[in-house]
Amino acid sequence: MFVFSVKPVFSILVATLSLLILFALLSPPSSSPFSQIPLSGKPPLLGEVDIWSVRRLVEWRPCNWWLQGHQTALPLETNGYIRVDCYGGLNQMRRDFCDGVGIARLLNATLVLPKFEVASYWNESSGFADVYDVDYFIEQMSGFVKVVKQLPPEIASKEPVHVDCSKRKGQFDYIESVLPSLLEHKYISITPAASQRRDRYPLYAKAALCQACYKALRLTRSLETKASQLLDAIPKPFMSLHLRFEPDMVAYSQCQYPGLSPTSMKAIEAAQIDRKPWTGELARIWRLRGKCPLTPNETALILKSLSISPTTNIYLAAGDGLMEIEGLTDVYTNIFTKASLLSGEDFMNMHGNTKAALDYYVSINSDSYVATYFGNMDKMVSAMRAFKGLYKTLFLSRKGFAELTSKGLEGKELMQELWKLHRDDFVIGRGSALPECFCEFKL
């Protein structure tokens with residue numbers, strides 16, 4: 001009879017587990033991307049180089065499945081016509097329209113030129129054709145989705161049936177919820193749902209979305225000429241800085257900012273309406289979650305911690321009414337704006353979409369791009385810069401800044417930690433592109 005003893009086996013298991021734990025404790029931490037750098041390398045410290053000189057480990061590039069154009073042929077018959085109704089600022093409308101292109105392809109629909117909201121809030125009256133080159137768009141979308149300038153006579157006299165795609169719990173399914181209305185009415189309008197997961201689209205629908213967003217939307221010739229003249233007027237090299245600290249932005253954030261000027265406080269109060277700022281512990285938690293826009297003074301401090309020289313030429317891509325700007329211009333004196341570079345009459349005649357289009361054009365062509373927020377423009381600009389192979393792009397961390405300052409860090413110690421935080425973000429390309437159309441490439 002064979003007798004098997006458990007004790008030796010148990011002893012071996014304990015010894016093996018102990019060695020594994022010891023190895024884990026002695027191994028270098030893997031939380032920083034620099035743990036992937038060979039031991040001969042050493043992560044640069046504050047002041048040794050500027051942020052753009054740090055070696056990246058990852059880049060985001062357009063996915064091959066989209067660029068190579070392996071598409072499913074368009075069906076011969078259409079299921080009907082879809083108009084995308086777009087609201088908000090230019091880049092929000094662009095985002096919604098790109099989504100709408102993917103939806104039209106998903107539902108085998110013919111796309112009608114979108115309707116851009118006419119909004120007094122945005123000082124806006126221009127439509128899609130006033131901003132984008134329609135003929136170029138239709139040409140570039142050939143094979144991806146059918147697009148028409150005009151509806152057939154039997155439909156042209158009708159208003160589209162609006163189908164509600166508003167955000168709700170769970171994921172919004174367009175085939176289940178929208179296709180029946182399209183088949184019934186043949187002409188519908190939609191505003192895409194923010195809750196839709198585009199990673200569930202078939203590749204041909206995602207390819208249509210990507211093509212629309214990054215290859216087919218070109219400014220009108222007159223607007224592109226104006227944008228090119230603005231770009232030429234900026235001293236080179238230059239950094240485009242998207243700074244968000246307007247009264248409505250601060251009011252919407254519900255954050256408190258002690259020490260602002262009486263003029264700024266009055267402007268914020270006028271924009272608050274019923275959105276009162278958080279107070280006490282709620283205000284602290286809200287700020288630690290990264291919900292509070294960076295002030296120009298905080299922005300300047302972070303830029304200094306990234307070793308961005310005070311003599312850097314900076315194009316300020318910002319809306320009207322930017323507050324506390326002296327906090328930035330006292331440190332960085334080479335600041336340029338649309339208002340300072342364009343003639344007074346030319347600038348005064350511009351609407352909100354035109355101004356936003358100029359900022360977008362300059363930002364995707366700048367030597368570097370830094371954003372203090374992660375809004376619709378920043379997502380579009382960063383992705384387009386990645387499409388063009390421009391990787392000097394960085395988003396300043398509101399959450400990181402709040403966490404570090406809440407610990408009482410200041411001076412050189414604060415700047416050192418801000419450097420490490422943003423260095424690690426830049427190295428791995430965090431937040432630098434939209435995942436629907438871009439793939440990660442290890443360097």
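Because the structure is predicted, anything quoted here is derived from the model rather than measured. Position 1 is the first residue of the sequence; numbering continues from there.
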Self-check item: salt bridge (Lys or Arg N to Asp or Glu O under 4.0 Å) contacts in which one or both residues fall within residues 146-162, not counting sequence neighbours
Solution: Asp135-Lys149
Exercise. For Arg289, enumerate each residue passing the salt bridge (Lys or Arg N to Asp or Glu O under 4.0 Å) test, keeping only those at least two apart in sequence or located in another chain.
Key: none
Exercise. Could you pull out all residues at least two apart from Lys291 that satisfy salt bridge (Lys or Arg N to Asp or Glu O under 4.0 Å)?
Key: none
Quiz item: Under the ring-ring contact (aromatic ring centres under 6.0 Å, His included) test, which residues partner Tyr361, sequence neighbours left out?
Solution: none
Practice problem: Please confirm whether Trp65 and Tyr204 have ring centers closer than 6.0 angstrom. | Solution: no
Exercise. Answer yes if the side chains of Glu324 and Ser264 hold a donor-acceptor pair under 3.5 Å, and no otherwise.
Key: yes
Self-check item: Non-neighbouring partners of Glu440 that pass salt bridge (Lys or Arg N to Asp or Glu O under 4.0 Å), sequence neighbours left out
Solution: Lys442
Quiz item: Which residues satisfy the side chain to side chain contact (heavy atoms under 4.5 Å, CB included) test with Asn108, sequence neighbours excluded?
Solution: Pro75, Asn79
Quiz item: Are Tyr132 and Phe97 close enough that their ring centers fall under 6.0 Å?
Solution: no
Quiz prompt | Listed once per pair and sorted, the side chain to side chain donor-acceptor pair (under 3.5 Å) pairs that draw on residues 226-245, sequence neighbours left out | solution = Lys226-Asp346, Ser240-Ser363, His242-Asp378, Arg244-Glu246
Quiz item: side chain to side chain contact (heavy atoms under 4.5 Å, CB included) with Lys338: which residues, sequence neighbours excluded?
Solution: Leu230, Tyr315, Leu342, Phe347, Lys355, Leu358, Asp359
Quiz item: How long is the span from the CG atom in Leu67 to the SG atom in Cys210, to the nearest 0.5 Å?
Solution: 9.0 Å
Exercise. Using the salt bridge (Lys or Arg N to Asp or Glu O under 4.0 Å) rule, collect all pairs that involve residues 387-401, keeping only residues at least two apart or in two chains.
Key: Lys399-Glu403
Exercise. List for me each residue that meets salt bridge (Lys or Arg N to Asp or Glu O under 4.0 Å) alongside Glu417, sequence neighbours excluded, and say none if there are none.
Key: Lys420
Exercise. Just jot down the disulfide bond (SG atoms under 2.5 Å apart) partners of Cys86, sequence neighbours excluded, or say none.
Key: none
Exercise. Output all residues satisfying side chain to side chain donor-acceptor pair (under 3.5 Å) with Arg287, sequence neighbours left out; order by chain, then residue number.
Key: none
Quiz item: Between Phe426 and Phe395, is the ring centre distance below 6.0 Å?
Solution: no
